[in-house]
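Data first, discussion second: the structure below is written as C-alpha cells.
All values below come from the heavy atoms of this structure, side chains included, with hydrogens, waters and symmetry mates left out. The shown structure was predicted, so the numbers you read here are calculated from the model rather than taken from an experiment. Numbered from 1 within each chain, the chains take letters A, B, ... in sequence-line order.
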Protein chains: 2
Amino acid sequence: MRNRVLDVAEASFQERGYHASSIGDLMAAAGVTGGALHHHFPTKKALALAVIEERVAAAVEETWIAPVQAAGSAREGIRAVFEAVAAELEQQGFVRGCQLNNLAHELSLADPDFRFALASIFAAWREAIAGKVRTDQQTGEEQGTDPDRFAALAVAAYSGAMSMAKTAQDAGPLRDCLAELERRTDSAASLGRAGAKRRRRVLLRPGKP
Amino acid sequence: MRNRVLDVAEASFQERGYHASSIGDLMAAAGVTGGALHHHFPTKKALALAVIEERVAAAVEETWIAPVQAAGSAREGIRAVFEAVAAELEQQGFVRGCQLNNLAHELSLADPDFRFALASIFAAWREAIAGKVRTDQQTGEEQGTDPDRFAALAVAAYSGAMSMAKTAQDAGPLRDCLAELERRTDSAASLGRAGAKRRRRVLLRPGKP
DNA sequence: TGTAAAACAGGACGATCATCCTGTTTTGGA
DNA sequence: TCCAAAACAGGATGATCGTCCTGTTTTACA
C-alpha cells in the first residue's frame with residue numbers, strides 16, 4: 001500500500017510536478033483512503049521526500065550509475081546511456097523529462113530539505129562518473145581529463161538536453177549533444193575518426209496528456 | 001500597472017514557480033486589485049503566457065543572444081556569458097536558476113500553449129548560437145563544427161549546469177562546465193594551450209528564502 | 001489465544017485558490 | 001465638452017486544497 005502510493009506519486013510528480021499533483025488525485029489513482037495515506041505520509045512534503053530518496057535516487061542509480069560503472073570506460077558508459085535513453089524516448093513517443101531535474105527545478109528553492117535531498121543525488125551521480133574516469137586513468141587513459149569537470153559536463157549536458165527534449169517533445173537534443181560530445185572527444189584524442197552521418201530528426205508523436 | 005504585475009509575476013515565477021505563486025500573492029506584491037489584474041490578464045494562464053513571451057524571451061535575448069552576437073566568435077561569446085553569469089551569481093550569493101528552464105520543466109507538459117511558447121525561445125537561443133558559428137565559418141574558423149550540434153551542447157551545458165548550481169546553491173557547476181568545454185576546444189583546435197588553474201570553489205551564502 | 005501496535009477507513013475541517021461580478025474612475029478622440 | 005471605451009476597485013463565489021480526527025480492522029509477537 002505504501003509502495004502503491006509511492007508508485008503513483010512518482011509517476012504524477014514526473015508528469016504533472018509536485019504542486020500540480022493533489023493528494024486527492026494521488027489517493028484516487030492509488031486506490032487509497034485518506035487515513036491510509038496520512039498514516040504512511042503525514043504531510044505531502046513527507047511523501048515527496050520519500051519519493052526523492054527512495055525512487056528518484058534509485059532511478060538515477062539504475063539508468064546512470066550502474067550502466068556507467070559496468071561500461072568499459074566512462075566515455076563508453078555515457079554514450080550508452082545517452083543512446084539508450086534517446087531510443088527509449090523515441091520508442092514510447094513521449095518525453096517526460098528527467099525525474100531528478102524536474103523536481104530539482106520545482107523544489108530546490110521551496111524547501112531546504114528538498115534541496116539537500118536532491119543535491120545529494122546530483123552529487124552521487126557526478127561522483128559515479130568522476131570515479132569511473134579515475135579508474136580509466138589507472139589504465140593510462142584520460143590522462144588529460146579532470147574527472148570532476150568531465151563529470152559535471154556530462155551531467156549538465158544530459159540534464160540540459162533532456163530539458164530541451166521535454167520542451168520540444170523530440171529526442172533530437174539528446175542525440176545532438178551526444179554527437180557533439182563525441183566529436184570533441186575524437187578530436188581531443190586525435191583519432192581523426194570520421195564524424196557520424198547526420199542523423200535523421202525524429203519527430204515524436206504526442207503522448208497521452 | 002500591467003508592467004508592475006508582469007514584474008512581480010516574473011520574479012515570483014522564477015523564485016517560487018508557477019503553481020506556487022498564487023494570484024493573491026501577486027496582487028499583494030504588485031499593489032493591484034483583483035479587478036485590475038483580471039482586466040489585463042483574464043486567467044493565470046494568460047498572465048504566465050505574457051511573462052514567457054514578453055519577459056523570459058527578453059531575458060534570453062539580453063543575457064545570451066545579444067552577447068553572443070556581439071562577441072568576436074561563438075566560442076568567445078559563450079565563454080563570456082558563462083563567466084558573467086557565474087560572477088553575478090557569486091556576487092549576489094544566491095542562485096535562482098534559469099527562468100526559461102525553470103518554467104520549461106514545470107509547464108511544458110502542463111499545457112501545449114506553454115510548451116510551444118517555451119520551445120520557440122529555446123529554438124531562438126540555439127539558432128542564435130548556430131548562426132554565429134556559421135558566421136565564424138565564413139572567416140575560415142570552425143570548419144569541423146556542426147553549428148546546430150554545437151549550439152545544442154552549449155545550451156544544454158548551460159541549462160544543466162544552472163540546474164545543478166541552483167540545487168547546490170553554488171556557481172561551481174557553471175565554472176566546471178565552461179572549463180571542460182574550453183579544454184575540449186583547446187584540444188580540438190590543437191592549440192595545446194595549458195589548462196587553466198584549478199579554480200577555487202566558492203560556496204555561496206544562503207540567500208533570502 | 002490475548003493484546004498492543006500498526007495499518008487502514010472515511011469523512012470533517014478551515015484555509016486558500018482562481019475566477020467572476022457589479023460598479024466606479026480615468027482616458028482619449030470627436 | 002461629451003461620451004464611449006478602457007482601466008481599475010473590491011468583494012462574492014464555488015471549488016479544491018492539505019490536514020486532521022475518530023473509529024475499525026489487521027498484524028505481529030508473547
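- When rounded to the nearest whole Å, the span between OH of Y18(B) and P of dC17(C) equals 13 Å.
- Here dT19(C) presents its P atom at 12 Å from CG of L26(B), a figure rounded to the nearest Å.
- By the salt bridge (charged side-chain N to carboxylate O under 4.0 Å, His left out) test, E141(A) is found to be paired with no residue, residues two or more places apart in sequence or in another chain being considered.
- Contacts classified as ring pair (Phe, Tyr, Trp, His ring centres under 6.0 Å) and involving residues 68-88 of chain B (residues at least two apart or in different chains) are given here: F82(B)-Y158(B).
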Filtered N/O pairs between nucleotides 10-13 of chain C and protein, under 3.5 Å:
residue: dG10(C); atom: N7; partner: G35(A); partner atom: N; Å: 3.2
residue: dG10(C); atom: O6; partner: G35(A); partner atom: N; Å: 3.1

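- Every residue meeting the side chain to side chain contact (heavy atoms under 4.5 Å, CB included) condition with Q99(A), not counting sequence neighbours, appears here in chain and number order: E10(A), Q14(A), V56(A), A59(A).
- Within the structure, every pair that satisfies the side-chain hydrogen bond (donor to acceptor under 3.5 Å, both in side chains) test and touches residues 22-34 of chain A, not counting sequence neighbours, is listed here: S22(A)-D25(A).
- Remark: A74(B) engages K132(B), V133(B), D136(B), F150(B) in a side chain to side chain contact (heavy atoms under 4.5 Å, CB included) (not counting sequence neighbours).
- Atom CE in M27(B) sits roughly 12 Å away from atom C1' in dC17(C) (whole-Å rounding).
- Rounding to whole angstrom units, CE of residue M1(B) and P of dT27(C) are separated by 12 Å.
- Residue pairs meeting the ring pair (Phe, Tyr, Trp, His ring centres under 6.0 Å) criterion with at least one member in residues 21-56 of chain B: none, sequence neighbours excluded.
- Closest-nucleotide positions on DNA chain D for G31(B) and P42(A) were compared, and the one nearer the 5' end corresponds to G31(B).
- Taking R2(B) as the reference, E54(B) meet the salt bridge (charged side-chain N to carboxylate O under 4.0 Å, His left out) condition, with sequence neighbours excluded.
- No side-chain N or O of H105(B) forms a donor-acceptor pair with one of E106(A) less than 3.5 Å apart.
- Screening residues 58-74 of chain B for side-chain hydrogen bond (donor to acceptor under 3.5 Å, both in side chains), with sequence neighbours left out, gives no hits.
- You can see that DNA chain D meets the heavy atoms of chain A within a 4.0 Å-exclusive cut from dC17(D) to dC20(D), reading 5' to 3'.
- Distance H19(A) NE2 to dT16(C) P: 15 Å, rounded to the nearest Å.
- Here E88(A) pairs with nothing under the salt bridge (charged side-chain N to carboxylate O under 4.0 Å, His left out) rule; sequence neighbours left out.
- Note on the helix from dT1(C)-dA30(D) to dA30(C)-dT1(D): terminal axis deviation equals 30°, with five pairs used at each end and the result rounded to 10°.
- In this structure the side chain of R55(B) reaches within 4.5 angstrom of the side chain of D7(B), judged on heavy atoms.
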